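Please read the structure below before turning to the comments.
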Protein chains: 2
Amino acid sequence: MKTRIQELRKKHKISQEELALTVGVTRQTITSLENEKYVASLVLAYKIAKYFHLRIEDVFDFSDVEVEGL
Amino acid sequence: MKTRIQELRKKHKISQEELALTVGVTRQTITSLENEKYVASLVLAYKIAKYFHLRIEDVFDFSDVEVEGL
DNA sequence: ACCAAATGTATAGTTTACTTTACATTTTTA
DNA sequence: TAAAAATGTAAAGTAAACTATACATTTGGT
């Protein structure tokens, strides 16, 4: 799952640690998400999107996700 | 986490089984989501929203989710 | 009322998101 | 260029999403 987390974070000039603190996870979680080690949970995805004043779909790239029959 | 899955599913007149099949999970997963046994993963949330031609935030209710400092 | 379809529920097991700790490497800035 | 801040990485553990199977209850149509 590709994400714009790193891009958005740098645009806002905040560290992984600061983002981690405000969304309530550890720094390692943010690192892992940025490096695509795993996919964020729904709630975490929401919190991160909210932090950047965006919608989930604007932060996470679902273009590789298929839904059978559209 | 409250969801509109059941409401949307009934509006579209499809069974849990049919929804489960098209989004690629078991029927029990849909039942559990509708009865708030647990929260959908990000990818599943996306697939369900897509199925109903909606955005994630329109299917799942994040009003109880807080992000420190907005 | 009857039968079938749909839904709820339970338990045990697997996978994955996330934590904790710790250390190594890169980037920034003074 | 040296110190500090930021980032990457790794291993072991916990928690939660999801599966599989099975059975019980509810709902809907005839």
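Just so it is clear, the structure is predicted and the values come from calculations on it, not from any experiment.
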Quick one: do A:Thr26 and A:Thr29 satisfy side-chain hydrogen bond (donor to acceptor under 3.5 Å, both in side chains)? Show the steps, please.
CA-CA 5 Å; A:Thr26 63; A:Thr29 296; 3.2 Å; yes

OG1-CG distance between B:Thr3 and B:Asn35, expressed to the nearest 0.5 angstrom:
9.0 Å

For nucleotides 12-16 of chain C, which of its nitrogen or oxygen atoms have a protein nitrogen or oxygen under 3.5 Å away, and what is each distance?
none

CD on A:Glu17 to CD on A:Gln28, rounded to 0.5 Å
8.5 Å

Partners passing side-chain hydrogen bond (donor to acceptor under 3.5 Å, both in side chains) against B:Asp61 (at least two apart in sequence or in another chain)
B:Ser63

Might you list the N or O atoms of the protein lying below 3.5 Å from N or O atoms in nucleotides 28-30 of chain C, with each pair's distance?
none

Rounded to whole angstroms, how far apart are CD1 on B:Ile30 and P on C:dT9?
16 Å

In whole angstroms, the gap separating P of C:dA10 from NZ of B:Lys37 amounts to 7 Å

Would you call B:Phe62 and B:Val67 a side-chain contact if the rule is heavy atoms closer than 4.5 Å?
no

Quick check on contacts: within residues 11-27 of chain A, what sits under 4.0 Å from DNA chain D by heavy-atom distance?
A:Ser15, A:Gln16, A:Arg27

Where does the chain A footprint on DNA chain D start and end, counting 5' to 3' with a 4.0 Å heavy-atom cut-off?
D:dT7 to D:dA10

Check: A:Lys2 and A:Glu36 side chains under 4.5 Å, non-hydrogen atoms
yes

Rounded to the nearest 0.5 Å, the CD1 atom of B:Ile30 sits from the CD atom of B:Gln6 at a distance of 11.0 Å

Residues in side-chain contact (heavy atoms from CB on, under 4.5 Å) contact with B:Ala40, at least two apart in sequence or another chain
B:Leu33, B:Leu44, B:Ala45, B:Phe60

Starting from B:Val39, can I reach A:Val65 by hopping between I/L/V/M/F/W/Y residues whose side chains sit under 4.5 Å apart?
yes

Check whether any side-chain heavy atom of A:Ile48 sits under 4.5 Å from a side-chain heavy atom of A:Leu8, and report yes or no.
no

Under the side-chain hydrogen bond (donor to acceptor under 3.5 Å, both in side chains) rule, collect the residues that match up with B:Thr22, sequence neighbours excluded.
none

Suppose we screen for side-chain hydrogen bond (donor to acceptor under 3.5 Å, both in side chains). Which residues come up paired with A:Glu7, at least two apart in sequence or across chains?
A:Arg4

Between CD on residue A:Glu18 and OH on residue A:Tyr51, distance to nearest 0.5 Å
5.0 Å

Who passes side-chain hydrogen bond (donor to acceptor under 3.5 Å, both in side chains) against A:Thr31, sequence neighbours left out?
A:Gln16

In this structure, would B:Val25 and B:Val43 fall into the same cluster of hydrophobic residues linked by side-chain contacts under 4.5 Å?
yes

What bend angle does the helix from C:dA1-D:dT30 to C:dA30-D:dT1 show across its length, from five-pair end axes and to the nearest 10 degrees?
70°

Spacing of B:Gln28 atom CD relative to C:dA6 atom C1', expressed in whole Å
12 Å

Can you pull out the residues from residues 1-8 of chain B that lie within a 4.0 Å heavy-atom distance of DNA chain C?
B:Gln6

Go through the structure and list residues passing salt bridge (charged side-chain N to carboxylate O under 4.0 Å, His left out) with A:Arg27, not counting sequence neighbours.
none

Aromatic rings B:His12 and B:Phe52: how do their planes relate, parallel, tilted or perpendicular, breaks at 30° and 60°?
perpendicular

Minimum heavy-atom distance A:Ile56-B:Glu57, with the two atoms named:
N-OE2, 2.9 Å

